[in-house]
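One structure is given here, and the rest of the page talks about it.
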Amino acid sequence: MNPDVRVRFAPSPTGYLHVGGARTALFNWLYARHCGGSFVLRIEDTDKARNTQEAVQVILDGLRWLGLDWDEGPEKDGGHGPYFQSQREEIYERYFQHLHAGGHLYQDNGAWRFRSPREIVTVEDLICGRIDFDLTNPGTHPDMTIRRPDGSWIFHFVNVVDDIEMKISHVIRGEDHLSNTPKHLELFKALGKTPPRYAHIPLILNKDGSKMSKRDAGASITSYIDGGYVPEAVRNYLCMLGWSPKDNREKLEISETISLFDLEKVNRRNAHFDLDKCFWLNGQYLAQMSLDRFRELCVPVLNKAGVPFESEASLQPVLSIIKEKIKNLTEVPLWVASFFTDHYEYDSEAVQKTLRQPKSGERLLALASEFESLHAWTLPEIEAALKKTASVLGFKTGDLVHPTRVAVSGRSVGPSLYHMLEVLGQKKTVTRMRRTTELFSL
RNA sequence: GACCCUAUCGUCCAGUGGCCUAGGACACUCCCCUUUCACGGGAGUAACACGGGUUCGAAUCCCGUUAGGGUCGCCA
């Protein structure tokens, strides 16, 4: 445990949370939690042109959805704020004057540039190792601009100032910043401050190795939120992109990931994103989570879809028989609806395949009568009645099972039939079976 | 173009000089289980980029080539 460990996630509000950014946030968060340190969220909104409240909200929502709570940041003051760069003007001005007084700055066409000391700068990276950058040639490494003619600030400068002011101990960020690091080190030196430790994590690319852009499947965290994914599953998948517990396990409780996580064990090669595997893990989480958690996730989805369930309690038995069968929350309304409404749709293909068959009406009516006569509506009773009817009529079990399923739910896929009927109830089952034969004139 | 990072099955992750005729997972194919769809169980296809070294011995260390990615902004 080391409370002096302070890390930060510093996104700029571009209007969406990229999956790579989310993983950067995740690794920062994991490291902070592992060390017992602090996770700071800082919004880098120096580019006034494209800053909106909504764009910030998308980031906050995404992080919260993934369960990445910050100790300091927007809506959570921790004594190092404000946490929006747009509100830190005086701080930057102060540091600017300091650099200016030290003779490190000069003006060029109205913009302010930092005069590089022209040295070989060594980066000691926790993941990439020791790297020497030769900055002695102005031709290949021009002096960086830190302030525009209109007085606004450039990324490199404010990023460094904030890391100093916020007492950041470890900078964990994407590898796209590795080549920027020597510049930042020059700034720390000129300001007379000790730089933080650096850890550059590899990038996430598309499965084919191309750069992942906003439009690509799985690129935006919003697409998981809206796409029926379970947050803990997505978080787990992201943990395994560039890191692993080294023992071939892939589904890991977050608490265990926290205790095992370490920067030294992070991979050095770029990861190619595989949505199929994320989807598989989502199904694993769904199947194995508690019924209460499942209900918690299903309720908003059902409400949004307008499925008229009576109460959360009435949902429980229904959800318990579908939980292990679905792989994505978006499937839930379709699997649940027919339990709560008589106006379910009949899938035309299913009707054609199982109802529009010789003697299907006879079978359904016979079974409905048998069901009606049952005194106890339990799993074994239902199963026995169906098998008995099948044998009396001279049909195979499946010849009764399939039409019955379509009759009471409108679909050819669903939970185990006996469980489904038990939950539906005796009366509804019988009514629906008879109604179906009339509806299709069987 | 210059500089930097990387290089094991299609993909993710193991492997840090001998235990590797390279292991686990996703995807794919086949089989079993089965009232549907899934789950589960079993089997299979499939990789150390290439070339030089070092060493008794290399996926593991070194060099080069090639390939991929990144940075070189008055974007962040």
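A, B, ... follow the sequence lines: proteins, then strands. Residue 1 opens every chain.
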Original post:
When we call it a touch if two heavy atoms are under 4.0 Å apart, what does A:Phe279 touch: a base, just sugar-phosphate, or nothing?
Top reply: nothing
Original post:
B:C75 phosphate, OP1 or OP2: any side-chain N/O from A:Ser12 under 4.0 angstrom?
Top reply: no
**OP:** Would you mind classifying the nucleic acid contact of A:Lys211 as base, sugar-phosphate or nothing, using non-hydrogen atoms under 4.0 angstrom?
**Re:** sugar-phosphate
Subject >> Considering all heavy atoms, the nearest A:Leu252-A:Tyr285 contact >> reply: O-OH, 3.4 Å
**OP:** Could you tell me whether A:Gly174 contacts a base, only the sugar-phosphate backbone, or nothing, with contacts defined as non-hydrogen atoms closer than 4.0 Å?
**Re:** nothing
Subject >> Same-atom distance (P) from B:A47 to B:G24, integer angstrom >> reply: 15 Å
Subject >> Aromatic ring proximity A:Phe157/A:Phe114, centre distance under 6.0 Å >> reply: no
**OP:** Ignoring the backbone of A:Lys246, work out which of B:U35, B:G15, B:C12 is nearest its side chain.
**Re:** B:G15
**OP:** Name the closest nucleotide to the A:Asn248 side chain, picking from B:C4, B:G73, B:G24.
**Re:** B:G24
**OP:** Taking the six-membered ring for Trp and the full ring for Phe, Tyr or His, determine whether the centres of A:Trp153 and A:Phe96 are under 6.0 Å apart.
**Re:** yes
**OP:** Could you check whether A:His200 gets within reach of a base, just the sugar-phosphate, or nothing at all, counting any heavy atom under 4.0 Å?
**Re:** nothing
**OP:** Take atom P in B:C39 and the same atom in B:G15, then report the distance between them in whole Å.
**Re:** 29 Å
Original post:
Is A:Thr140 near enough to B:A2 that one of its side-chain N or O atoms lies under 4.0 angstrom from OP1 or OP2?
Top reply: no
Original post:
For atom C1', what is the distance between B:U35 and B:C19, given to the nearest Å?
Top reply: 49 Å
Subject >> Residue-phosphate contact under 4.0 Å: A:Arg249 side-chain N/O, B:C12 OP1/OP2 >> reply: no
Subject >> Nucleotide opposite B:C9 in a Watson-Crick or G-U pair, distances under 3.5 Å >> reply: none
Original post:
What is the nucleic acid contact for A:Lys207, judged by heavy atoms within less than 4.0 Å: base, sugar-phosphate only, or nothing?
Top reply: base
**OP:** Would you indicate what A:Asn159 reaches in the nucleic acid, counting non-hydrogen atoms under 4.0 angstrom: base, sugar-phosphate, or nothing?
**Re:** nothing
Original post:
Base, sugar-phosphate, or nothing: which does A:Ser244 touch, judged by heavy atoms less than 4.0 Å apart?
Top reply: sugar-phosphate
Original post:
How far, in whole Å, is B:A49 from B:A2 if one measures between their C1' atoms?
Top reply: 25 Å
Original post:
Got a second to check how far A:Phe279's CZ is from A:Gln284's CD, nearest 0.5 Å?
Top reply: 11.5 Å
Original post:
Considering Watson-Crick and G-U wobble pairs with both distances under 3.5 Å, what does B:C28 pair with?
Top reply: B:G44
**OP:** May I ask you to check whether A:Ser152 and A:Arg148 show a side-chain donor-acceptor distance below 3.5 Å?
**Re:** yes
Subject >> Side-chain-base donor-acceptor pair under 3.5 Å for A:Ser416 and B:U35 >> reply: yes
Original post:
Does B:U34 have a Watson-Crick or wobble partner in any strand here, with both distances under 3.5 angstrom, and which is it?
Top reply: none
Subject >> Pair of N/O donor and acceptor under 3.5 Å linking B:U36 base with A:Lys325 side chain >> reply: yes
Original post:
What pair of heavy atoms forms the shortest contact from A:Ala337 to A:Val307, and how long is it?
Top reply: CA-CG1, 4.0 Å
Original post:
Got a sec: does the CD of A:Glu119 have more than 12 other heavy atoms crowding it under 6.0 Å?
Top reply: yes
Original post:
Contact class for A:Gln107 vs. all strands (heavy atom < 4.0 Å): base, sugar-phosphate, or nothing?
Top reply: nothing
Original post:
If you measure from the P atom in B:C9 to the same atom in B:C13, how many Å do you get, rounded?
Top reply: 11 Å
Original post:
Can you tell me the Watson-Crick or wobble partner of B:C75, both distances under 3.5 angstrom?
Top reply: none
Original post:
Taking the same atom, P, in B:A59 and in B:G52, what whole-Å distance lies between them?
Top reply: 14 Å
Subject >> A:Glu349 atom CD, over 12 foreign heavy atoms within 6.0 Å >> reply: no
**OP:** Return the nucleotide paired to B:C20: Watson-Crick means purine N1 to pyrimidine N3 with N6-O4 or O6-N4, wobble means G-U with N1-O2 and O6-N3, both under 3.5 Å.
**Re:** none
Original post:
Starting at the 5' end of RNA chain B and moving along, which residue's nearest nucleotide shows up first, A:Trp153 or A:Tyr237?
Top reply: A:Tyr237
For residues 130-138 of chain A, please give each side-chain donor-acceptor pair under 3.5 Å, one per line with the distance, not counting sequence neighbours.
{"from": "A:Arg130", "atom 1": "NH1", "to": "A:Glu124", "atom 2": "OE2", "distance (Å)": "3.3"}
{"from": "A:Asp132", "atom 1": "OD1", "to": "A:Thr122", "atom 2": "OG1", "distance (Å)": "2.6"}
{"from": "A:Asp134", "atom 1": "OD1", "to": "A:Thr136", "atom 2": "N", "distance (Å)": "2.9"}
{"from": "A:Asp134", "atom 1": "OD1", "to": "A:Thr136", "atom 2": "OG1", "distance (Å)": "2.5"}
{"from": "A:Asn137", "atom 1": "OD1", "to": "A:Gly139", "atom 2": "N", "distance (Å)": "2.7"}

Original post:
Is there a donor and acceptor pair, one atom on the side chain of A:Arg411 and one on the base of B:U36, closer than 3.5 Å?
Top reply: no
Subject >> Distance test, side-chain N/O of A:Arg113 to OP1/OP2 of B:C74, below 4.0 Å >> reply: yes
**OP:** To the nearest Å, give me how far apart NE2 (A:His177) and C1' (B:G69) are.
**Re:** 15 Å
Original post:
Say you pick atom C1' in B:C63 and the same atom in B:C72; how far apart are they, in whole Å?
Top reply: 27 Å
**OP:** Could you check if the base of B:C50 is syn or anti? Syn means the glycosidic torsion is within 90 degrees of 0.
**Re:** anti
Original post:
Is any side-chain nitrogen or oxygen of A:Gln288 closer than 4.0 Å to OP1 or OP2 of B:G40?
Top reply: no
Original post:
If you check every side-chain atom of A:Ser179, which of B:U35, B:A76, B:U71 has the closest atom?
Top reply: B:U71
Original post:
Contact class for A:Pro142 (heavy atom, under 4.0 Å): base, sugar-phosphate, or nothing?
Top reply: sugar-phosphate
Original post:
On a plain distance test, is the side chain of A:Asn270 in donor-acceptor contact with the base of B:G69 below 3.5 Å?
Top reply: no
Subject >> Rounded distance in Å - CH2 (A:Trp335) to C1' (B:C39) >> reply: 11 Å
Original post:
Any N or O donor-acceptor pair linking the side chain of A:Lys277 to the base of B:A25 at under 3.5 Å?
Top reply: yes
**OP:** Have a look at A:His156 and say if it touches a base, only the backbone sugar-phosphate, or nothing, with a 4.0 Å heavy-atom cut-off.
**Re:** base
Original post:
At under 4.0 Å between heavy atoms, what does A:Leu178 touch on the DNA or RNA strands: base, sugar-phosphate, or nothing?
Top reply: sugar-phosphate
Original post:
Of A:Cys128 and A:Leu205, whose nearest nucleotide on RNA chain B comes first from the 5' end?
Top reply: A:Cys128
Subject >> Proximity to the side chain of A:Glu250 - top-ranked nucleotide from B:G69, B:A25, B:U36 >> reply: B:A25
**OP:** Ignoring backbone atoms, test whether A:Asn267 places a side-chain nitrogen or oxygen under 4.0 Å from the OP1 or OP2 oxygen of B:A14.
**Re:** yes
Subject >> Length of the NE2-C1' vector between A:His184 and B:C72, whole Å >> reply: 13 Å
Original post:
In the strands shown, is B:G51 matched to any nucleotide by a Watson-Crick or G-U wobble pair with both distances under 3.5 Å, and which?
Top reply: B:C63
Original post:
Any luck finding a side-chain donor-acceptor pair between A:Asp292 and A:Ser290 under 3.5 Å?
Top reply: no
**OP:** Using the P atom as the reference point in each nucleotide, state the distance between B:C30 and B:U11 in Å, no decimals.
**Re:** 23 Å
Subject >> Residue A:Asp276, side-chain heavy atoms: nucleotide from B:C4, B:A76, B:A27 that is nearest >> reply: B:A27
Original post:
Of all the nucleotides listed (B:G69, B:U71, B:U35), which has the minimum atom distance to the side chain of A:Leu203?
Top reply: B:G69
**OP:** Select base, sugar-phosphate, or nothing to describe what A:Gly398 touches, counting heavy atoms under 4.0 Å on all strands.
**Re:** nothing
**OP:** Can you tell me the pairing partner of B:C39 across any strand shown, Watson-Crick or G-U wobble, with both distances under 3.5 angstrom?
**Re:** none
Original post:
Taking OP1 and OP2 of B:C75, is either one under 4.0 Å from a side-chain nitrogen or oxygen of A:Arg148?
Top reply: yes
Original post:
Closest to the A:Asp274 side chain: B:U11, B:C74, B:A76?
Top reply: B:U11
